[in-house]
Amino acid sequence: WLVSDSNPDGEYPYKFPLDKTALIMIDFQRDFVCPGGFGETLGNKVEDLQKALQPARNVLKAVRALKMPIIHTLESHKSDLSDLLDNKFTRGELPDFLRIGEELDLGRILIRGSCGNNIVDMVAPQPGEYVVFKPGKGAFFKTHFYELLKDLDITHIMVAGVTTEVCMQSTVREATDRGFEPLIISDATMSYFERYRQQTIEQLVAQGALVAWSAESSTVVKALG
Ligand code: C5J
């Protein structure tokens, strides 16, 4: 067992068994992180999310060296939109050209196989790593993510990715309810709204890591080293 950083109030340190821990990389897709994608077209600054890339890459490198399992997720829909729920399609006051499935510079918004729906080069999956396509915000909904974690005998997950308060948060909450022990890598997850990132992490680790722990990437890399 290795001990990483503790939660911010310095209590209840995160302990993880190396052979039962996986790195989860949430939705580092061009749709959200790159100019011309869905996120930017919605009016967000993609530079804000790009800040997570180097810390995430540092952890990836350490995890790859130890040959620990790595699972990348993508928020992604089938091209016929058959896996898109009505509420997700209609949610938000958006012009029609910004609905899921519409065509932008990076291809169709959140559609599997389109240019925007690929993971950015800096943290792209390598052979032997897993990719889970998810139609929801959380990684467990209508995917084989749970079965994959169980098959790999994973009990602990270290989580990086975007955006903090949406897909990262949903996945971490779902993971805790299913018996997993999540650690948020605090500088490897970003939001278009910095205050949401901070508030989300603060809420998830409150009351003695009621939902999750957090640690900075440098602490995680050190613990893995
Ligand atoms: C969003 C995500 N923000 N991956 N997706 O819609 O967090």
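Whatever order the structure lists them in is the order used to number ligands and atoms, beginning at 1.
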Taking atom CD1 of I70 and atom CG of L23, what is their separation to the nearest 0.5 Å?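 The CD1 atom of I70 sits 5.5 Å away from the CG atom of L23.
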Assigning hydrophobic clusters by single linkage (Ile, Leu, Val, Met, Phe, Trp, Tyr; side-chain heavy-atom cutoff under 4.5 Å), is F141 placed with M25? no
For [atom], the protein heavy atom that lies nearest, with its residue and separation:
{"atom": "atom 6 (O) of ligand 1", "value": "K137 NZ, 3.1 Å"}
{"atom": "atom 2 (C) of ligand 1", "value": "C167 SG, 2.8 Å"}
{"atom": "atom 3 (N) of ligand 1", "value": "T163 OG1, 3.3 Å"}
{"atom": "atom 5 (N) of ligand 1", "value": "E75 OE1, 2.8 Å"}

Mind telling me whether F32 and F38 have parallel, tilted or perpendicular rings, with 30° and 60° as the class edges?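 Judged by the thresholds at 30° and 60°, the geometry between F38 and F32 is tilted.
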Heavy atoms only: which of I100, T171, D27 is nearest to atom 4 (N) of ligand 1?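 Considering heavy atoms of I100, T171, D27, the nearest to atom 4 (N) of ligand 1 sits in D27.
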Between I26 and ligand 1, find which residue part has any heavy-atom pair under 4.0 Å and reply side chain, backbone, both or neither. neither
Result for side-chain hydrogen bond (donor to acceptor under 3.5 Å, both in side chains) between T73 and one of T143, D27, T171 points to D27
Would you mind checking if [Y] and [X] are paired as a salt bridge, meaning a charged N to carboxylate O distance below 4.0 Å?
{"X": "K51", "Y": "D187", "answer": "no"}
{"X": "K45", "Y": "E40", "answer": "no"}
{"X": "E147", "Y": "K150", "answer": "no"}

Number the atoms of ligand 1 from 1 as they appear, then name those within less than 4.0 Å of a heavy atom of V166, with their elements. 1 (C), 3 (N), 7 (O)
Need the ligand 1 atom indices (1-based, order shown) with element for anything under 4.0 Å from a heavy-atom of V162.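 The list of qualifying atoms is 2 (C), 4 (N), 7 (O).
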Decide whether an N or O pair under 3.5 Å exists between M168 and ligand 1. no
